[in-house]
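Encoded as structure tokens, the structure appears first; notes follow it.
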Amino acid sequence: MSYDIQTIKSLEKKWQEFWKDNKVFEVKEDTKIPKYYVLEMFPYPSGKIHMGHVRNYTIADVIARMKKMQGFNVLHPIGYDAFGQPAENAAIKHKTDPSKWTNRCIEEMHEGFEKMGFSYDWSREIATCDKDYYKWNQWIFLKMMEKGLAYKKASSVNWCPSCETTLANEEVIQGECWRCKSEVTQKDLNQWYLKITDYSEKLLEDLDTLKDWPERVVAMQKNWIGKSYGVEIYFKVERTGENLPVFTTRQDTIFGATYVVLAPEHPLVSNLIKGIPQEKEVAAFCEKIAKVSKTDRIAGGLKKEGIFIGSYAINPVNNEKIPIWVADYVLMEYGTGAIMAVPAHDQRDFLFAKEHKLPMCIVIQDSKRPDISSDVLDEAYEDEGVLVNSEQFNGIGNVDSLKKISDWMEKEKIGKSVVHWRLRDWLISRQRYWGTPIPVIYCDTCGVVPVFEKNLPVVLPEDIKITGEGGSPLAKCKDFVNVKCPKCKKDAKRETDTMATFFDSSWYYLRYCSAHNEKEVFSKKDADYWMPVDQYIGGIEHAILHLLYSRFFTKFFKDLGLIKFDEPFTRLLTQGMVLKDGEVMSKSKGNTVDPDAVIEKYGTDALRLSILFAAPPEDQLEWNDNAVEGAWKFLSRVSHYIDDRFTSGQSEEKDFDDEDKELNRQINGTIKKVTEDLSNYKFNTAISALMILLNHAEKYKYADPKQGLVNQTCKVFALLLAPIAPHLCEELWQKIGKKDKTISEVAWPTYDEKALVVDEVLVVAQVNGKVRGKFQVPLDADEASLREIVLSDDKIKEHVAGKTIKRFIIVPNKIVNIVV
RNA sequence: GGGCAAGUGGUGGAAUGGCAUACACGAAGGACUUAAAAUCCUUUGGUCGAAAGACUAUGAGGGUUCGACUCCCUCCUUGCCCACCA
């Protein structure tokens, strides 16, 4: 076969059609065969595929194809996360509608995936904007309502003024909208929430079972869930006697509290300032802070603003009277919205106290510089030490005192141990059009009425004008909004908000198990067989959002009795970004490389190979055109090797000479290495092992070869390379294998342990740790013979001469080190 | 401020206690060719040396070890994530 781009392109097309026409990668549940579920995070359909997709999905495809050859029943599906705002924005820009735009993008992507030769089960392709899919979003929502997990509440929410919608906490990155980077403001709205916090403990605990997840993803989730143990201490307002609980994790510093601070939104504030001289001033301050966005609050940095509100609090441990302040650095959402300030031992309190000339009281003494006083401190002392000025607790180490103090407070009923979580309930209402309608109806008589299950789906009307100017388009669609109440049949109105699209993607992996089931959200039996996902692959950017939500849904489904497992994804791989000139490839930066153009020039297999060879999958990958060129060359050499050397109809030879044995050893060693490396995502070293074998095989004697050995080499190349460069290997297999099977159905090669054994090994000899010689010695040579071989060498003698040998260290079959 | 990664030739990277720089890219030289492309061969961390070879080198500095890119401590730099979270 001639190896030129035209030939390659036509054979790639030929095999892609063959796989599709013969449904090679469509699978059925079969309990007699072990299953393997390979899943990549499904794409947002935004147009043609980019290098990021190519990398993510090539990694998944190699794993899926290898597992299939290894005899697993492999589920490898794909679909589209098709709802969401970009479609709406694109529709406005191109004067089309989101549905048309999305469908065109899906077609383009589908085509791109076929061109990459990915081994998908196309019969399970899904799109979340399809009513057969989002019907089940609505069904899940109703189930959650039933269980009290979906509820509506009025609250101050994150609002993106540019997207004109609310955002979940997880979608606010450094005070900015995760999508458009606009500054997020706060707004009071009545919105739908999912009670993910009911699962806080479970979500945290089960992280420990995820042994095959990257540690940093686990760490990020732990951080986000944010469990902290502390004490709620009951301060009292001196004037009114009202209870004023504060939350702290540093109860060891309670005797050092010199003032109390409330968040500006704290409900006590307005009561306490009523009628006092500075009422207006304080109210104005609180109002001012409430308006400031979170970004600005943070950007203000260390400068902390606050004001005394005219009342005092009583510290229950010593009945001391300390002033109550309001300040911008205390957040209403965390703890009780009130803190005790210990300026001597908390840097934020320290800065605030200095700024406002508030007193300090040292209660932890640094053993290295005893007798420091508050006047000499230039920052808070936050390290460990021994308690002072703390009555009966004096002299105890502050860490040891934590439990002692909380126990004592509980006994005295002046506080209680509590656990606080950082995780908030998940706000899912979005004031946007292109999403799943929330299946709820508002009736003046019956109140909030869920749509009956039999009336699902609530279909998203598609003939709608999207202008992008103010308000949800659905709210303007009278046919959609005006309905009869399902309970009392009087006039009622539909909810016009749609669901956040992260809802859609929180369970799609279950839907793939029975993708077109019309009766159920997914079939229990199919989910039992396929789930959990054995290998999940996607970007690190989903480390918190999508992965946390999916874990939450899984736990919810388990509680519903629909599934039997706790965690959806057994093994997780987060692949690195594709960069060009040191920056992430993006359309806005104009540094993208079009996969199509690369395929045009070098073919799909070369693209796949080069992207895997260039870097380990978790690292960033700097794109380099030359790398594809190199991949092309390698594939060409493999192809030529098999064309030139393979001869059919030869029987196996037995009497191997040394050169034959060496080739045989390398063949078996390569099978071992490639099998292990591919299983551990070490694609780059697997490929280099194949290159090494080729370099060696090409040098193997041409004149008098053992043909059986050569044929075996050819087969090993085709089989080991098949998951990476499937088109070429299919073609090569036609020449060297049985023609009734595609190479993807041929068994993965195994290696012969015996062939790996050598009778001689190269042992490195060191003198004082420096390499001074290398020796071929018999395998497992004993100390005496090693001493004899090594010490009789002239060069070693030279380095040892005139010195006494103190030690003779032997690492069997590897190294000897003579210490003189 | 907290957490987690990472730092190795001209470049991507390999080696996770035992020959540092595998494999590849790039570069230089050569063969084939009227010529070019393609292909093949050779060289390629640095310094000294004609060579044999010696010394030196994995961000910096210390430590453990017969032996350290690898383990420990301190520091520097870069990237990512979180962050007035009490």
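First the proteins, then the strands, lettered A, B, ... as listed; each starts at 1. Please read all numbers here as calculations on a predicted model, not as lab measurements.
- Take Asn695(A) and apply the side chain to side chain donor-acceptor pair (under 3.5 Å) test, not counting sequence neighbours, and it matches Arg637(A).
- Within the nucleic acid shown, Val819(A) comes within 4.0 Å of sugar-phosphate atoms alone, with no base atom in reach, counting heavy atoms only.
- When each of Leu720(A), Leu693(A), Leu756(A) is paired with Ile671(A), the side chain to side chain contact (heavy atoms under 4.5 Å, CB included) condition holds for Leu720(A) and for no other.
- The side chain of Pro616(A) lies closest to A14(B), out of C23(B), C55(B), A14(B).
- Annotation for Val363(A) and His345(A): closest pair N-NE2, 3.0 Å, computed over non-hydrogen atoms.
- In this structure, the nucleotide among C25(B), A54(B), C19(B) sitting nearest to the side chain of Val771(A) is C19(B).
- Here Ile809(A) lies in heavy-atom contact (under 4.0 Å) with a base.
- The Trp224(A) side chain lies nearest to C82(B) when the options are C25(B), C82(B), C19(B).
- For the C1' atoms, the distance linking G79(B) with C71(B) amounts to 24 Å, nearest Å.
- In this entry the base of G9(B) is syn relative to its sugar, with a glycosidic angle within 90° of 0.
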(request) At under 4.0 Å between heavy atoms, which parts of nucleotides 1-12 of chain B does protein reach? Answer with one letter per nucleotide, 5' to 3': B base, S sugar-phosphate only, - none. (result) ---S-------B
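- Dashed line: the shortest gap from a side-chain N or O of Lys806(A) to OP1 or OP2 of G67(B) is not under 4.0 Å.
- The shortest distance between the side-chain N/O atoms of Asn768(A) and the OP1/OP2 oxygens of C66(B) is not below 4.0 Å.
- A sub-4.0 Å separation between OP1 or OP2 of A24(B) and a side-chain N or O of Asn695(A) is present.
- Nearer the 5' end of RNA chain B, as judged by each residue's closest nucleotide, is the contact made by Ile544(A), out of Gly337(A) and Ile544(A).
- A salt bridge links Glu662(A) to Arg665(A): at least one charged side-chain nitrogen sits closer than 4.0 Å to a carboxylate oxygen.
- Contacts of Ile818(A) with the nucleic acid, taken as non-hydrogen atoms under 4.0 Å apart, are absent.
- A distance below 6.0 Å separates the ring centres of Trp325(A) and Phe352(A).
- In terms of the side-chain contact (heavy atoms from CB on, under 4.5 Å) criterion, residue partners of His266(A) (sequence neighbours excluded) are, by chain and number, Leu244(A), Leu262(A), Leu268(A), Val269(A), Met332(A), Ala338(A).
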Indicate every side-chain donor-acceptor pair of residues 214-235 of chain A with a distance under 3.5 Å to a residue at least two apart or in another chain.
residue, atom, partner, partner atom, Å
Gln221(A), OE1, Arg551(A), NH1, 2.8
Gln221(A), NE2, Ala543(A), O, 2.9
Lys222(A), NZ, Asp208(A), OD1, 3.3
Trp224(A), NE1, Glu170(A), OE2, 3.1
Lys227(A), NZ, Glu201(A), OE1, 3.3
Lys227(A), NZ, Glu201(A), OE2, 2.8
Lys227(A), NZ, Tyr229(A), OH, 3.1
Ser228(A), OG, Tyr334(A), OH, 2.8

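- Considering only residues two or more places apart in sequence or on other chains, Lys774(A) meets the salt bridge (Lys or Arg N to Asp or Glu O under 4.0 Å) condition with none of them.
- Checking the phosphate oxygens (OP1, OP2) of C66(B), a side-chain nitrogen or oxygen of Arg807(A) falls inside 4.0 Å.
- For Leu331(A), taking side-chain heavy atoms from C-beta onward, the closest of the listed nucleotides A14(B), A24(B), C84(B) is C84(B).
- Of the listed nucleotides (A83(B), A24(B), C84(B)), A83(B) has the atom at the smallest distance from the side chain of Arg422(A).
- Taking the C1' atoms as reference points, A14(B) lies 7 Å from C23(B), given to the whole Å.
- Counting all heavy atoms, side chain and backbone alike, Tyr259(A) lies closest to Asp349(A) at OH-O, 3.2 Å.
- A 6.0 Å sphere centred on CE of Met577(A) holds no more than 12 heavy atoms belonging to other residues, nucleotides or ligands.
- Rounded to a whole angstrom, the distance from the C1' atom of G49(B) to that of A54(B) is 9 Å.
- Across every non-hydrogen atom of Ala327(A) and Pro264(A), the tightest pair is O-CD, 3.4 Å.
- As rounded to the nearest Å, U70(B) and U16(B) have C1' atoms that lie 5 Å from one another.
- OP1 and OP2 of G17(B) both lie 4.0 Å or more from every side-chain N or O belonging to Lys814(A).
- A51(B) and G17(B) have their C1' atoms separated by 36 Å, given to the nearest Å.
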(message) Output the pairing pattern of RNA chain B as a dot-bracket string, 5' first, Watson-Crick or G-U wobble with both distances under 3.5 Å, | for cross-strand pairs, [ ] for crossing pairs.
(response) (((((((..(((.....[....)))((((((.......))))))((((....))))..(((((..]....))))))))))))....
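- Put simply, Lys682(A) has a side-chain N or O that comes within less than 4.0 Å of OP1 or OP2 on A15(B).
- For the pair Thr248(A) and Lys770(A), both in contact range of RNA chain B, the more 5′-proximal nearest nucleotide belongs to Lys770(A).
- G3(B) and G12(B) are spaced 30 Å apart, taking the P atom of each and rounding to whole Å.
- At a threshold of 4.0 angstrom between heavy atoms, the contacts of Lys699(A) with the nucleic acid are absent.
- A donor-acceptor contact under 3.5 Å is formed by the side chain of Asn817(A) with the base of C66(B).
- Taking atom P in both G18(B) and G26(B), one finds a spacing of 32 Å when rounded to whole Å.
- Going from the P atom of A60(B) to that of U56(B) covers 15 Å, rounded to whole Å.
- Contact annotation for Arg772(A): backbone-only contact, meaning every heavy-atom pair under 4.0 Å involves sugar-phosphate atoms and none involves a base.
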